[in-house]
Asker: 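Before I ask anything, here is the structure I am working with.
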Amino acid sequence: MSFERSHEILSGARDEGPSETAIVTVDLDAVAANYRRLRDLAASAECAAVVKADAYGLGMIEVASALWNAGCKTFFVATLDEARGLRTLLPPATIYVLAGLMPGTAELYRADGLRPVLNSADEIREWASFCATSGERLSCAVHIDSGMNRLGLSAEEVDQVATAVDLWPALTLSLVMSHLACSDEPDHPKSDAQRKIFDRLRALLPAAPASLANSAGILLGPDFVYDLVRPGLALYGGHPRRHGENPFQPVVQLKGRILQVRNAAPGETVGYGATRTLREATRVAVVTVGYADGFFRALSVADGEEGFAGYLGPHAAPIVGRVSMDLITLDVSLVPESFARRGAWVELIGPNVPAHALAAHAGTIDYEVLTNLGRRAFRRYIGA
Ligand SMILES: *Cc1c(COP(=O)(O)O)cnc(C)c1O
């Protein structure tokens, strides 16, 4: 076998065939529909898209192309390398890099027409002096910290740079932004407090379009929308508020395949650690997905616990025992044999099992589920 062919198979760039053990399906029409929904919710504001971490694990190339075709013109990524990749795909797009300006990287931004999100006074000074030297008023965003203590200028730093009159004429301030800490909790007082801090601090800077809302922030209403919104999760069918009805369409499905169905007797145990002892005669389906596919080991179900269930058609099949690297075991005692048979596909994320429900069982959030889906599964893109 040629190196190219091995590389193709190992990297997942292959045609779907009977050997597939796990399939991740990404519905690009649903991504586009979620984009339009967010754009409508944001009314007059521009709707950008956050496509960091390979579009939350779903595939930057396919997802960003679908968003571009749906009318999205502005993209946010986390790192400069992600931005450079996206630039080759979408030459005319506006691209912001959330991680901002690492020392000495300004020329890389200029060369590819990328915009740093400047997160400190030092970064603003470095960008301004680079612009002055290169004789171009290059675009950038400035990130104000309104209460997360993660990235962004503190109130003191805003005061400092606001009065440094030599900085601003050197550059083009195309966006002033901040980020909400608790937007997924609609009644949390922190969101309003952050909005007020953001308004007070941005008024000190030169006038520029403003941006505060991520996916959940958009759902907080018109006060949070400003001039540009920055959704990520909602585009990918995640549930910004985690509880109640999710207003966005599901995008991702994960399926694993039954390798074998075995009959186990009462008193026997299932899986590593023998953490699950069967009380009754049980039919156990062994399914080809494990923690190496992003199916978290925290989804393991020991004695006395209730956990996650996959679906075979309309029939629930609860996990029994530990999740291992490549396999899980499901109790299919109540599932008709026509569904629970060797070679059948099991829904692990999909219409019956939203990513946020799986996440809740694993003690995490759908963001982490999506970004961990891994490279081993076959990826199928539908729509667009
Ligand atoms: C990741 C990120 C977003 C997108 O957040 P979602 O909750 O996925 O919509 C927006 N803004 C910033 C600064 C981010 O880091």
Side-chain angles (χ1 to χ4, degrees), residues 31 34-35 37-39 41-42 45-58 60 63-64 67 72 74-80 82-83 86 94-101 115-120 123 140-153 174-186 188 190-191 194-195 197-198 202 209-221 224-243 246-249 251-252 354-356 359 364-373:
V31 173
N34 288 335
Y35 177 76
R37 181 86 209 270
L38 288 158
R39 194 178 53 193
L41 286 169
E46 179 183 355
C47 189
V50 181
V51 293
K52 60 195 181 192
D54 200 29
Y56 288 40
L58 304 190
M60 168 87 95
V63 167
L67 288 165
C72 182
T74 301
F75 296 82
F76 287 80
V77 292
T79 69
L80 182 52
E82 290 175 348
L86 184 57
T94 298
I95 303 174
Y96 287 99
V97 178
L98 292 165
L101 197 64
R115 301 180 180 184
V117 175
L118 302 173
N119 289 308
S120 67
E123 291 185 27
C140 61
V142 165
H143 186 167
I144 296 172
D145 176 36
S146 55
M148 256 187 99
N149 260 311
R150 201 179 60 168
L151 290 174
L153 281 78
S174 50
L175 192 70
V176 176
M177 57 174 268
S178 190
H179 194 43
L180 295 165
C182 306
S183 55
D184 55 340
E185 298 172 58
H188 203 295
K190 181 112 186 160
S191 298
Q194 283 193 265
R195 188 170 60 80
I197 292 170
F198 181 50
R202 75 190 176 89
S211 174
L212 182 60
N214 63 339
S215 300
I218 296 167
L219 299 178
L220 293 177
F224 288 83
V225 159
Y226 292 91
D227 303 303
L228 179 144
V229 294
R230 311 184 307 269
L233 185 74
L235 294 168
Y236 312 119
H239 193 343
R241 287 182 168 172
R242 277 180 276 157
H243 304 290
N246 183 0
F248 300 100
Q249 288 188 23
V251 168
V252 179
H356 69 269
T364 182
I365 52 178
D366 39 11
Y367 297 78
E368 197 180 13
V369 170
L370 296 180
T371 51
N372 272 280
L373 280 178

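All ligand and atom numbering here is 1-based and tracks the order in the structure.
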Asker: When you measure from the side chain of S211 to the backbone of L228, do you find a donor-acceptor pair of N or O atoms at a distance under 3.5 Å?
Answerer: yes
Asker: Checking K52 side chain against L98 main chain: does a donor-acceptor pair fall under 3.5 Å?
Answerer: no
Asker: Taking atom types as modelled, is there a side-chain donor on E46 or T74 under 3.5 Å from an acceptor on the other?
Answerer: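 There is such a pair (donor and acceptor under 3.5 Å, judged by atom type) between the side chains of E46 and T74.
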Asker: Looking at ligand 1, does any of its N/O atoms fall within less than 3.5 Å of an N/O of V50?
Answerer: no
Asker: Under 3.5 Å, is there a donor-acceptor pair between the side chain of D366 and the main chain of H239?
Answerer: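 Looks like yes, one N/O pair under 3.5 Å.
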Asker: To the nearest 0.1 Å, how far is atom 5 (O) of ligand 1 from its closest protein heavy atom, and which atom is that?
Answerer: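 Minimum-distance protein heavy atom for atom 5 (O) of ligand 1 reads N214 CB, 3.3 Å.
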Asker: Please report the closest heavy-atom contact between N119 and E123, naming both atoms and the distance.
Answerer: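 Here N119 and E123 meet closest at N-OE1, 3.1 Å.
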Asker: Just to be sure I read this right, does ligand 1 sit under 4.0 Å from the backbone of F76, its side chain, both, or neither, counting only heavy atoms?
Answerer: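 For F76, no heavy atom sits under 4.0 Å from ligand 1.
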Asker: Could you tell me the residue and atom name of the protein heavy atom closest to atom 9 (O) of ligand 1, and the distance to it rounded to 0.1 Å?
Answerer: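 It is S215 OG, 2.5 Å.
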Asker: Okay, side chain of S178, backbone of D145: is any donor-acceptor separation there less than 3.5 Å?
Answerer: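 Side chain of S178 to backbone of D145: no pair is present.
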Asker: In terms of the angle between their ring planes, are Y56 and Y236 parallel, tilted or perpendicular, with boundaries placed at 30° and 60°?
Answerer: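 Geometry flag for Y236 against Y56: tilted rings.
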Asker: Check L151 against ligand 1 and report side chain, backbone, both or neither, counting heavy atoms closer than 4.0 Å.
Answerer: neither
Asker: For Y56, take its heavy atoms, then give the atoms of ligand 1 lying under 4.0 Å from any of them.
Answerer: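 Every atom of ligand 1 under 4.0 Å from some heavy atom of Y56: 1 (C), 4 (C), 5 (O), 6 (P), 8 (O).
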Asker: If you measure from each non-hydrogen atom of L233 to ligand 1, which part falls under 4.0 Å: side chain, backbone, both or neither?
Answerer: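 Near ligand 1, L233 shows its backbone as well as its side chain.
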Asker: Which residue holds the protein heavy atom closest to atom 12 (C) of ligand 1, what is that atom called, and what is the gap in Å?
Answerer: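 Checked against all protein heavy atoms, atom 12 (C) of ligand 1 sits closest to H179 CE1, 3.4 Å.
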Asker: Of all the non-hydrogen atoms in the protein, which one sits nearest to atom 2 (C) of ligand 1, and at what distance?
Answerer: K52 NZ, 2.6 Å
Asker: Tell me, which protein residue and heavy-atom name are nearest atom 10 (C) of ligand 1, and how many Å apart are they?
Answerer: R230 O, 3.4 Å
Asker: Under a 4.0 angstrom heavy-atom cut-off, which atoms of ligand 1 come close to L98?
Answerer: 13 (C), 14 (C), 15 (O)
Asker: What are the two closest heavy atoms between H179 and Q194, and how far apart are they?
Answerer: O-NE2, 2.9 Å
Asker: Test of understanding: given a 4.0 Å heavy-atom threshold, classify the contact between P231 and ligand 1 as side chain, backbone, both, or neither.
Answerer: backbone
Asker: List the closest protein heavy-atom neighbour of atom 7 (O) of ligand 1: residue, atom name, distance to the nearest 0.1 Å.
Answerer: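 Checking every protein heavy atom, the shortest distance to atom 7 (O) of ligand 1 gives Y367 OH, 2.5 Å.
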Asker: Grab the two heavy atoms, one from A64 and one from L86, that are nearest each other, plus how far apart they are.
Answerer: CB-CD1, 3.6 Å
